Amino acid sequence: MGLLVLENDKLGRAGVQQLREAAYQLLSLIPPGKVVSYGDIAKALGVSPRLIGRFMRENENPIIIPCHRVVGSDGRLVGYSLGSGGVGLKRKILELEGVKFCGKKVCRESFYDLLGALGL
DNA sequence: CATCGAACCAACC
DNA sequence: GGTTGGTTCGATG
C-alpha cells in the first residue's frame, strides 16, 4: 500500500510541490462527516500549517480537494471567507456532510484522526 | 470568549 | 531583504 510521501528531511522547491500532492491525497482520504485541521495535515507532512492553508487556497482541483473539510485546530471555521459567502456556507456544507457542530465550532468527535490513520 | 503578540515557512514584492 | 498569509499557541482581561 505504499502511499503518501512521508519521511522528508529537507524539501527543495520541487519538494514543496510534492507536498502539495500529499496534502491533496490526505484531504481526499478524509471520510465524509469528518474534518481535519491545518495543523494536523501540517504535522502529518511535517510542514508548517500556513503552508497547508496556502495549498488549499491555491488548489487547482477543488473537486478532489475538499478544502471545506479543513478547519482550524479548535474546530472553528476558518478560510472560505475570501471568495465565498463566508464560513456560513462552509458550515452548511459540513453539516450536510454530517459533521456535528458545537455551537460555533466543530465537535471534537467530528475530527478525523489523520495522524492516527497514518500511524503517528 | 475576545484580543494581542510571537513563531513557522514559503511565496511575493 | 522585508511583508504577507484560508495558522497556531500562549498569555491577558
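Quick note on labels: first sequence line is chain A, next is B, and so on, each numbered from 1. Because only heavy atoms are used, hydrogens play no part in the values below, and waters and symmetry mates are left out as well, while side chains stay in. Bear in mind the structure is a predicted one, so any value in this text is a computation, not a measurement.
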A:Pro49 side-chain proximity, nearest of C:dG6, C:dT8, B:dC9: C:dT8
A:Asn59 CG to B:dA11 P, straight-line distance once rounded to whole Å: 16 Å
Separation of atom CG in A:Leu45 from atom P in B:dC9, rounded to whole Å: 14 Å
Per-nucleotide pairing state of DNA chain B [Watson-Crick or G-U, under 3.5 Å; [ ] pseudoknot-crossing; | other strand]: |||||||.|||||
Side chain of A:Val16 - closest among B:dA11, B:dC9, C:dT7: B:dA11
For A:Lys105, salt bridge (Lys or Arg N to Asp or Glu O under 4.0 Å) partners two or more places apart: none
A:Arg54 side-chain proximity, nearest of C:dG6, B:dC8, B:dA11: B:dA11
Protein-nucleotide distance (A:Leu51, atom CG; C:dT8, atom P), rounded to Å: 13 Å
Pairwise 5' ranking along DNA chain B for A:Ser48 and A:Lys104, keeping only the more 5' one: A:Lys104
Nearest heavy-atom neighbours spanning A:Ile30 and A:Arg69: O-NH1, 3.0 Å
Using atom names, set out every protein N or O paired with an N or O of nucleotides 9-13 of chain C below 3.5 Å, distance rounded to 0.1 Å.
unit_1: C:dC9; atom_1: OP2; unit_2: A:Ser73; atom_2: OG; d: 3.0

Test salt bridge (Lys or Arg N to Asp or Glu O under 4.0 Å) applied to A:Arg91 - qualifying residues, sequence neighbours left out: A:Glu95
d(CD, A:Glu58; P, B:dA10) in whole Å: 15 Å
Rounded distance (Å) that lies between atom P of C:dG6 and atom CZ of A:Arg20: 14 Å
Nucleotide C:dT8, atom P - distance to CZ of A:Arg50 in whole Å: 10 Å
Sugar-phosphate only, base, or nothing, as touched by A:Lys90 at under 4.0 Å among non-hydrogen atoms: base
Nearest-Å distance for atom pair CZ/C1', residues A:Phe111 and C:dT8: 13 Å
Side chain to side chain contact (heavy atoms under 4.5 Å, CB included) against A:Leu115, all qualifying residues, sequence neighbours excluded: A:Lys43, A:Ala44, A:Asp113, A:Leu120
Partner set under salt bridge (Lys or Arg N to Asp or Glu O under 4.0 Å) for A:Arg50, not counting sequence neighbours: none
